[in-house]
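For ligands, and for the atoms within them, numbers begin at 1 and follow the listed sequence. By convention here, the first residue in the shown sequence is residue 1.
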Amino acid sequence: MTVESGWVPPEIDTTKANSARVYDYWLGGDHNFQADRDAARAAIAFDPGIRAAARANRAFLGRAVRFLAGQAGIRQFLDIGSGLPAENNVHQVARDTAPGSRVVYVDRDDVVVAHSRLMLADAPDAAVIQADLREPGRILADPETQLLLDFSHPVAVLLVGVLHFIPDDAVAAGIVATLRDALVPGSHLVIGHACGDGQPDLAPSFAAIYNSRVDTQTRFRTGDEITRLCEGFTFLDPGLVWIPQWRPDSPGDVPGEPEKYWVKVGVARYDGR
Ligand SMILES: C[S@@+](CC[C@H](N)C(=O)[O-])C[C@H]1O[C@@H](n2cnc3c(N)ncnc32)[C@H](O)[C@@H]1O
């Protein structure tokens, strides 16, 4: 990363790897520092497929948002743990499918927020706020959220690649419940969560490699545990599945061993209590 590029906040600690920038490296981005690259490469050395998994995750995000803005008729998106801007960001995909869609991005990371602000300077229907997923009430009450999103109409909440950074089940479930309770029926949840079910012998080592280098602790959950966190939502077809299996654009996009992508994803609807 070129620090002199101007938008890197001066106060950030570049000596400790960070989940947003490690993911950026896996995606081929250049918004990362040496510590991030070292951590990202350690994970790649453990599993060279991780970069393909990261790309597949972005592709899933695109398919899910296209579905929501298209068939599901959603016009409002709350993307928490939005990450560094890449190709096909939520507001771009939503806008292409349904012009006028409104998007609030949320991330706790300084670099993500600074860079997202630059990207959104000319996007009146989108904003980024700096907040922690652990404070969902703050996210919901934030003036930008309130300005852009009308919670008396359906909203899609995106928790893609972020809930596994909340290791405690009760805390994670409480976060999802708080967000759910702000929604009206017809709203949706998009979930993407690290899952060790497909490679249970390897998952603890993978988590240890990541957790020893990155400033956030990640937790691989089982599919059942992830489903329990989404209580009150009904998974749409095909349910909670490995990334490439969620409504692939073509059957050929699903590899022979999709569980090697480490992440389970799904789109679920809130139908009210
Ligand atoms: C792996 S990236 C996922 C980005 C994007 N959602 C995607 O799937 O392509 C995870 C993001 O979550 C953010 N994050 C991690 N823990 C968070 C927390 N407690 N609150 C808000 N954001 C968090 C990181 O800063 C990072 O940008």
Side-chain angles (χ1 to χ4, degrees), residues 9 12-14 16-29 31-33 36 39-40 43 50-65 77-94 103-117 119 128-140 142 145 156-168 171-172 174-176 178-179 189-195 206-207 210-211 213-220 229 243-244 246 261-267:
I12 66 162
D13 178 3
T14 59
K16 183 78 184 161
N18 146 300
S19 63
R21 301 191 301 259
V22 168
Y23 182 64
D24 174 70
Y25 180 85
W26 288 338
L27 286 172
H31 299 100
N32 45 73
F33 299 101
D36 307 308
I50 191 69
R51 301 187 92 155
R55 287 194 298 273
N57 190 59
R58 291 300 297 181
F60 157 73
L61 193 60
R63 296 198 298 282
V65 172
F77 297 83
L78 179 59
D79 181 7
I80 307 178
S82 45
L84 278 158
E87 288 176 359
N88 296 324
N89 296 293
V90 171
H91 75 289
Q92 295 159 329
V93 177
V103 179
V104 173
Y105 292 107
V106 182
D107 207 287
R108 68 173 185 179
D109 181 65
D110 295 313
V111 173
V112 168
V113 172
H115 194 53
S116 300
R117 282 207 177 108
M119 174 185 71
V128 60
I129 63 175
Q130 184 158 22
D132 197 301
L133 175 60
R134 289 179 175 79
E135 297 183 286
R138 229 199 92 202
I139 293 171
L140 294 167
D142 189 280
T145 310
V157 175
L158 281 67
L159 296 176
V160 182
V162 69
L163 203 54
H164 47 234
F165 294 126
I166 311 291
D168 186 286
V171 174
I175 289 167
V176 177
T178 300
L179 293 168
L189 172 70
V190 183
I191 185 92
H193 194 299
C195 179
F206 193 10
Y210 188 87
N211 289 341
R213 289 169 172 82
V214 176
D215 64 358
T216 314
Q217 295 297 291
T218 192
R219 160 133 185 250
F220 285 78
L229 293 182
I243 305 172
W246 198 88
Y261 282 68
W262 291 111
V263 172
K264 279 204 163 177
V265 300
V267 176

Determine, considering heavy atoms only, which of [options] sits nearest to [atom].
{"atom": "atom 11 (C) of ligand 1", "options": "Gly62, Ala194, Gly81, Ser82", "value": "Gly81"}
{"atom": "atom 19 (N) of ligand 1", "options": "Leu163, Asp132, Ile175, Val214", "value": "Asp132"}
{"atom": "atom 9 (O) of ligand 1", "options": "Trp26, Tyr105, Phe60, Tyr23", "value": "Tyr23"}

> Among Asp36, Asn32, Asp110, Asp109, whose side-chain hydrogen bond (donor to acceptor under 3.5 Å, both in side chains) with Asn18 holds?
Replying inline: Asp109
> Is a salt bridge present between Lys16 and Asp215, judged by a nitrogen-to-oxygen distance below 4.0 Å?
Replying inline: no
Whether [X] side chain and [Y] backbone form a donor-acceptor pair below 3.5 Å:
{"X": "Tyr105", "Y": "Gly83", "answer": "no"}
{"X": "Arg108", "Y": "Gln130", "answer": "no"}
{"X": "Asn211", "Y": "Thr218", "answer": "yes"}
{"X": "Thr14", "Y": "Phe33", "answer": "no"}
{"X": "Arg58", "Y": "Glu87", "answer": "yes"}
{"X": "Arg51", "Y": "Tyr25", "answer": "yes"}
{"X": "His164", "Y": "Ala194", "answer": "yes"}
{"X": "Asn89", "Y": "Gln92", "answer": "no"}

Side chain or backbone, does [X] bring an N or O within less than 3.5 Å of an N or O on ligand 1?
{"X": "Arg58", "answer": "yes"}
{"X": "Val160", "answer": "yes"}
{"X": "Leu84", "answer": "no"}

What atoms of ligand 1 come within less than 4.0 Å of a heavy atom belonging to [X]?
{"X": "Gly83", "result": "4 (C), 27 (O)"}
{"X": "Asn57", "result": "7 (C), 8 (O), 9 (O)"}
{"X": "Arg134", "result": "19 (N)"}
{"X": "Asp109", "result": "25 (O)"}
{"X": "Leu133", "result": "18 (C), 19 (N), 20 (N), 21 (C)"}

> Looking at ligand 1, does Gly192 have a heavy atom less than 4.0 Å from it?
Replying inline: no
> Of all the heavy atoms in Ala131, does at least one lie under 4.0 Å from an atom in ligand 1?
Replying inline: yes
What protein heavy atom sits nearest [atom], and how far away is it?
{"atom": "atom 27 (O) of ligand 1", "result": "Asp107 OD2, 2.6 Å"}
{"atom": "atom 15 (C) of ligand 1", "result": "Phe165 CD1, 3.5 Å"}
{"atom": "atom 10 (C) of ligand 1", "result": "Gly161 O, 3.3 Å"}
{"atom": "atom 22 (N) of ligand 1", "result": "Arg108 N, 3.5 Å"}
{"atom": "atom 14 (N) of ligand 1", "result": "Val162 CG2, 3.7 Å"}

> For Asp79, which of Val104, Val65, Val90 qualifies under side chain to side chain contact (heavy atoms under 4.5 Å, CB included)?
Replying inline: Val90
>> Contact between Leu133 and Ile175 at the side-chain level, heavy atoms closer than 4.5 Å - yes or no?
In response: yes
> Which part of Ala20 is near ligand 1, with near meaning a heavy atom under 4.0 Å away: side chain, backbone, both or neither?
Replying inline: both
